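The structure under discussion appears below in the form of C-alpha cells.
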Amino acid sequence: MKIKSIRGFHDILPESIKRWHFVEDAAKRIFELYGFSEIRIPVLEFTDVFSRSLGTTTDIVEKEMYTFTDRDGSSLTLRPEGTAGIVRAYIENSMHAKSSITKLYYTGMMFRHERPQKGRFRGFYQIGAELIGPQEPSSDAELVVMLWRFFEEIELTPFLVLEISSLGDQNCRPQYKEKLVQYFAPQKEELCEDCQRRLQVNPLRILDCKQKRCKEIAANAPSMLDNLCEECETHFNYVKENLLSVGIPFTINPKIVRGLDYYTRTVFEITTDKLGSQNAVAAGGRYDGLVEELGGPATAAVGFAMGMERIVLLQEIALPEGFQKKVDVFIAYLGEEAKKAAFPLAFNLRKKGVSVETDYGSKSLKSQMKRADKLGANFTFIIGEEELKQGVVKVRDMKESKEEDIKFEDIINLSETFQP
RNA sequence: GUGCGUGUAGCUCAGGUUGGUUAGAGCACUGGGUUGUGGUCCCAGGGGUCGCCGGUUCAAAUCCGGUCACGCACCCCA
C-alpha cells in the first residue's frame with residue numbers, strides 16, 4: 001500500500017501558497033482596520049459544544065462530524081465550523097466582563113465528512129469573524145461592509161453577489177413557522193421525501209430545496225420578510241439603510257436559510273457563479289441566542305465565515321498570472337574558490353534584504369544561468385577565476401542582458417539597486 | 001449517502017473498440033552543441049508496477065469484476 005493522504009484532505013503546495021498569503025494578509029489587514037483581533041482556539045472540542053450550538057437536526061451534526069471517543073470515554077469532535085468554539089472560549093474566558101464589545105477573527109482548518117467535490121473538502125480552511133455584544137443593526141451592517149471590503153481588496157467583487165435576508169427572532173419566527181406548516185401541509189404528498197421530513201423538523205428548509213416540484217410549491221409560500229415582527233423589521237431596514245449609505249451592492253433573497261440553527265434576524269451570503277455547485281464563498285448572520293444557549297450571559301452577536309479554498313480557486317480564475325516568486329539576485333560561481341567567496345556574499349546581501357539564490361554543487365555556468373532565468377532573477381552575479389583575481393563581481397542585468405564589473409567591497413553598499 | 005464520467009511519465013494527453021515483440025508525444029528535468037553566459041534553436045539522456053486487487057486467456061494498458069481516488073450533478077454548505 002502506497003502512503004497517501006486521507007480522502008478529502010489535500011496539500012497546499014508552494015506554487016499556490018502566494019495566493020493563500022495574499023488572501024490571508026488582506027483579510028488580516030482589513031479586519032484589524034475594523035478593530036478585530038485574532039483568536040486561536042483548539043481544533044478539538046467536546047462534542048456538546050457543537051451539537052448544542054448547531055442544532056441536532058442539522059446535517060452537520062447528524063452525519064458530517066468527525067466524532068470519536070477519547071481514552072477517558074468522553075466524546076470529542078474535530079470542529080466542523082468556527083463559531084461554536086469561539087463562543088465557548090468567549091464564555092470560558094469571561095470575555096463579556098472585560099468589555100461589552102468583543103471583536104474576534106480566526107483562521108484554521110475545519111472538518112466535515114462530506115463527499116468531496118470541487119470546492120468541497122473534508123478538511124478545509126475558513127477565515128471567520130465574530131462581533132459579540134452589540135445587538136444594534138449597525139453592527140450587522142459593519143460586519144457585512146467589512147466582509148465586502150475584503151473582497152474588494154482582493155479584487156473579487158466582480159465575480160460575487162451579496163444577498164441578505166432576515167430570519168426573524170423568538171417572537172416572529174415561531175408564528176411564521178406555523179404559517180409555513182399550514183401552507184405546506186395540504187400539499188404534503190407532492191413534496192419530496194426530504195421535504196416531507198423537513199415539514200416536521202424544520203419547515204424553513206423546504207424553501208431552499210432544489211427539487212423542481214418543491215420549488216414550484218415554495219414559490220407561493222409566505223415569506224419570512226412579510227412576517228417579521230416590528231422590532232425585526234426595523235432592525236432589517238436599518239441594516240439595509242446602512243449598506244446603501246456606503247454603496248455596498250446587495251440583493252434581498254428571502255429564501256436564504258442558513259444551515260445552522262443558531263441564526264436569528266440578519267443572514268447573508270456571498271456567492272459566485274464561477275465555481276459550479278459549491279457557490280457559497282462566505283456566509284454568516286446574527287446569532288443572538290447562542291451565547292446563552294452555551295451557558296453564558298444573554299449576549300447578542302453577529303459573525304461570518306468564508307471558505308479559503310473557494311476564494312483561492314476564484315482568485316486563480318480572476319488573476320491567473322502574477323503570483324510567481326521572484327529572486328533579486330542569483331550568484332553563479334565557477335570553481336571552489338569562487339564558491340567560498342559567494343557564500344559570505346550571499347549572507348551579506350540577504351542581511352540587507354536582498355533575496356539571493358545560488359547553486360550548491362559545481363554545475364556549469366550555463367546550467368546556473370538557466371536556473372537564474374527560471375527563478376526570474378533580476379540580476380545574476382558571476383564569480384570566476386578572472387573576477388576573483390581582479391576582486392570584482394560580474395553583475396549581469398538579466399532583462400537588459402548587460403554586464404558590468406563591480407568591486408567586491410562595493411556590492412553591499414549597492415544592495416538597494418538590485419531590488420525592484 | 002445516490003447517479004454518471006475519468007484514472008497511461010513530474011504535467012497535459014495519444015494508444016484501448018479489432019488483446020500479441022522493447023507503451024508513445026509535447027512540456028518539464030539532466031547533459032551536450034558554445035572547455036565562462038539564461039530566456040530561441042538543435043542533439044542526446046533519465047524517468048512509467050498503464051490507479052490498485054483479482055478474474056478470463058498461451059498472452060491484458062487493452063476484455064470482465066471489485067476497489068480506491070478525482071471530476072460533474074444530487075445532497076449539503078464555507
Side-chain angles (χ1 to χ4, degrees), chain A residues 1-2 4-10 13 15 54 58-64 79-83 107-129 147 160 192-195 197-198 205 208-212 214 256-260 268-272 275-285 303-314 327 330 332-335 338 361-388 394-403:
Chain A
M1 244 316 239
K2 212 155 80 175
K4 60 179 180 182
S5 70
I6 300 164
R7 180 173 199 202
F9 286 74
H10 63 139
L13 300 177
E15 51 260 38
L54 308 192
T58 57
D59 276 20
I60 293 179
V61 171
E62 272 182 344
K63 50 200 181 195
E64 293 174 3
R79 60 179 180 196
E81 57 100 51
T83 303
T107 40
M109 201 181 227
M110 307 298 161
F111 306 85
R112 264 127 86 163
H113 195 105
E114 299 181 274
R115 179 117 175 212
Q117 211 178 305
K118 184 180 191 178
R120 185 167 78 182
F121 304 91
R122 288 183 175 179
F124 60 101
Y125 288 90
Q126 280 191 341
I127 298 185
L147 180 58
L160 301 173
C192 70
E193 258 180 59
D194 283 333
C195 282
R197 190 177 61 94
R198 284 171 184 146
R205 299 212 61 87
D208 74 340
C209 181
K210 268 88 179 178
Q211 301 284 328
K212 210 185 258 170
C214 298
I256 295 179
V257 181
R258 307 276 54 250
L260 314 174
F268 52 92
E269 239 174 54
I270 293 183
T271 56
T272 177
L275 296 180
S277 73
Q278 302 308 312
N279 62 350
V281 176
F304 65 76
M306 51 202 193
M308 283 295 292
E309 281 81 359
R310 294 178 188 180
I311 292 171
V312 171
L313 236 39
L314 242 196
V327 187
F330 186 91
Y333 53 77
L334 290 151
S362 50
K363 294 222 172 82
S364 68
L365 180 61
K366 179 179 176 165
S367 66
Q368 292 186 69
M369 292 296 294
K370 276 191 174 177
R371 180 142 176 267
D373 184 60
K374 204 171 61 183
L375 291 168
N378 295 314
F379 294 91
T380 300
F381 291 2
I382 300 168
I383 309 173
E385 282 175 34
E386 281 302 305
E387 288 77 14
L388 275 182
K394 197 177 282 297
V395 175
R396 181 179 178 85
D397 183 323
M398 297 298 275
K399 285 194 194 83
E400 305 294 323
S401 294
K402 281 181 189 156
E403 287 177 1

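Only this structure's heavy atoms are used, side chains among them; waters, hydrogens and symmetry mates stay out. In this text the structure is predicted, and so the values were computed from the model without any measurement. A note on names: the letters A, B, ... follow the listed sequences, proteins ahead of strands, and every chain is numbered from 1.
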Roughly, in whole Å, what's the span from CG in A:Leu313 to P in B:rC77? 20 Å
Given A:Met110, A:Glu64, A:Arg7, the one that forms side-chain contact (heavy atoms from CB on, under 4.5 Å) with A:Arg122: A:Arg7
P atoms of B:rU6 and B:rG15, separation to the nearest Å: 13 Å
Send over the distance from A:Ile256 CD1 to B:rC77 P, rounded to a whole Å. 13 Å
Check every strand shown and say whether A:Ala305 touches a base, only sugar-phosphate, or nothing at a heavy-atom separation below 4.0 Å. sugar-phosphate
Whether the A:Gln126 and A:Thr107 side chains hold a donor-acceptor pair (N or O, under 3.5 Å, no angle test) is what I'd like checked. no
Distance between P atoms of B:rG19 and B:rA59 (Å, rounded): 15 Å
What does A:Gly276 touch in the nucleic acid at a heavy-atom separation under 4.0 angstrom: a base, only the sugar-phosphate, or nothing? sugar-phosphate
Report which part of the nucleic acid A:Gly8 touches: base, sugar-phosphate, or nothing (heavy-atom distance under 4.0 Å, all strands). sugar-phosphate
Taking B:rU62 as the reference, what is the distance to B:rA23 when you measure between their P atoms (whole Å, please)? 14 Å
Does A:Arg7 put a side-chain nitrogen or oxygen below 4.0 Å from OP1 or OP2 of B:rA69? yes
Where A:Pro116 and A:Gly8 come nearest, the two heavy atoms and their spacing: CG-CA, 3.9 Å
Regarding A:Phe381, tell me which of base, sugar-phosphate or nothing describes its non-hydrogen contacts under 4.0 Å with the strands shown. nothing
Below 4.0 angstrom from OP1 or OP2 of B:rC72, is there any side-chain N or O of A:Gln117? no
Mind checking the P distance from B:rC4 to B:rU67? Whole angstroms is fine. 13 Å
Do the non-hydrogen side-chain atoms of A:Glu403 and A:Asp397 ever get within less than 4.5 Å of each other? no
Side-chain contact check for A:Lys363: nearest option of B:rA78, B:rG31, B:rC4 is B:rG31
Write down the distance between CZ (A:Arg115) and C1' (B:rC74), rounded to a whole number of angstrom. 10 Å
Does a nitrogen or oxygen in the side chain of A:Ser364 sit under 4.0 Å from OP1 or OP2 of B:rG31? no
Heavy-atom nearest pair, A:Ala283 first then A:Glu269, reads CB-CG, 3.8 Å
Using atom C1' of each nucleotide, how far apart are B:rA25 and B:rC64 to the nearest Å? 31 Å
Pick one: which of A:Gln278, A:Lys118, A:His10, A:Arg120 meets side-chain hydrogen bond (donor to acceptor under 3.5 Å, both in side chains) with A:Glu309? A:His10
Where A:Ala280 and A:Thr271 come nearest, the two heavy atoms and their spacing: CA-CG2, 3.9 Å
Taking the side chain from A:Glu387 and the backbone from A:Gly384, do they hold a donor-acceptor pair closer than 3.5 Å? yes
Looking at every strand, decide which applies to A:Tyr125 at a 4.0 Å heavy-atom threshold: base, sugar-phosphate, or nothing. nothing
Please state how far atom CD in A:Gln126 lies from atom P in B:rA78, giving the value in whole angstrom units. 7 Å
Write out the stems for RNA chain B, ordered by first number and formatted as range with range, counting runs of at least 3 consecutive Watson-Crick or G-U wobble pairs under 3.5 Å. B:1-7 with B:68-74, B:10-13 with B:24-27, B:29-33 with B:41-45, B:51-55 with B:63-67
B:rC77 P sits how many Å from A:Glu64 CD, rounded? 7 Å
If you find the nucleotide of RNA chain B closest to A:Val281 and the one closest to A:Ile6, which residue's nucleotide is nearer the 5' end? A:Ile6
Interatomic distance at P, B:rG10 relative to B:rU2, whole Å: 33 Å
Integer-rounded Å distance: B:rC77 P and A:Glu309 CD: 18 Å
For B:rG65 versus B:rU56, give the span between their C1' atoms, rounded off to a whole number of Å. 11 Å
At under 4.0 Å between heavy atoms, which parts of nucleotides 34-42 of chain B does protein reach? Answer with one letter per nucleotide, 5' to 3': B base, S sugar-phosphate only, - none. --BBBB---
On the side chain of A:Arg310, is there an atom forming a donor-acceptor pair with the base of B:rC77 - under 3.5 Å, no angle test? yes
Take the protein atom CD of A:Glu114 and the nucleotide atom P of B:rC77, then report the distance between them rounded to whole Å. 8 Å
Of A:Arg112, A:Met109, A:Arg310, the one forming a side-chain contact (heavy atoms from CB on, under 4.5 Å) with A:Phe124 is A:Arg112
What pair of heavy atoms forms the shortest contact from A:Leu54 to A:Pro80, and how long is it? CD1-CG, 4.1 Å
Let me know the distance between CG of A:Leu275 and P of B:rG71, rounded to the nearest Å. 13 Å
Gap in Å between the two P atoms, one belonging to B:rA28 and one to B:rC42, rounded: 12 Å
Suppose we screen for side-chain contact (heavy atoms from CB on, under 4.5 Å). Which residues come up paired with A:Glu386, at least two apart in sequence or across chains? A:Lys389, A:Gln390
